[in-house]
> 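To start, I am sharing the structure in question, which I have written as structure tokens.
Just so you know, ligand 1 is whichever comes first in the structure, and atom 1 is the first atom listed for that ligand.
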Amino acid sequence: MTALFPGRQDMTEMTGRCHCGGVRFRITQPVAGAILCHCRDCQQMHGNYNAMAAAPRDAVVFDADETLAWYASSDKARRGFCTTCASRLFKDNLGSDRLMVSMGVIDPPTGLHVMKNIWTQSKGDWYELPAEVPPA
Ligand SMILES: [Zn+2]
Ligand SMILES: [Zn+2]
């Protein structure tokens, strides 16, 4: 049987926060990831490709969100960021039942691996695609 959170067998949820702590959240159900997006929007906003975990929207519970703001990055998605420390926390694909959570703001250990590269046709020319790790 697979542990609910592979990297955190002793825990019932994942936690995460922005750099300054103005945004703090919990994820109460298992996530899928990591998904690496190499689209130009992600590269421009994150300074690199964007590594995300897909969480059921209802499973993301906020303990603090005073400094959370949203930026419409296209007509299909908005990005959640901290207005104090500028951490990029979320990608919200409008109409989806999943909220994409930036891998780097999830407290380690995550127990996740690179699952999939997407938008590889627009990846930067200065790096090779990270290897995808098949599920155990
Ligand atoms: Zn912050
Ligand atoms: Zn992207």
> The Zn ion (ligand 2) to His38: any N/O/S contact under 2.8 Å?
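Of the N, O and S atoms in His38, none lies under 2.8 Å from the Zn ion (ligand 2), which means no.
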
> Return the NE2 to OH distance between His38 and Tyr127, rounded to the nearest 0.5 Å.
5.0 Å

> Looking at the Zn ion (ligand 1), is one of the N, O or S atoms of Cys85 less than 2.8 Å from it?
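Yes, within the cut-off.
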
> Could you verify whether a donor N or O on one side chain and an acceptor N or O on the other, from Arg79 and Ser73, lie under 3.5 Å apart?
yes

> Give, rounded to 10 degrees, the angle between SG (Cys20) and SG (Cys18) as seen from the Zn ion (ligand 1).
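It comes to 110°.
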
> Given 3.5 Å as the limit, does a donor-acceptor pair link the side chain of Arg88 with the main chain of Ala86, or not?
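Yes, Arg88 side chain to Ala86 backbone: donor-acceptor pair under 3.5 Å.
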
> Taking Asp107 first and then Arg17, would you say they form a salt bridge - that is, a charged N and a carboxylate O separated by under 4.0 Å?
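The answer is no: the pair does not qualify as a salt bridge.
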
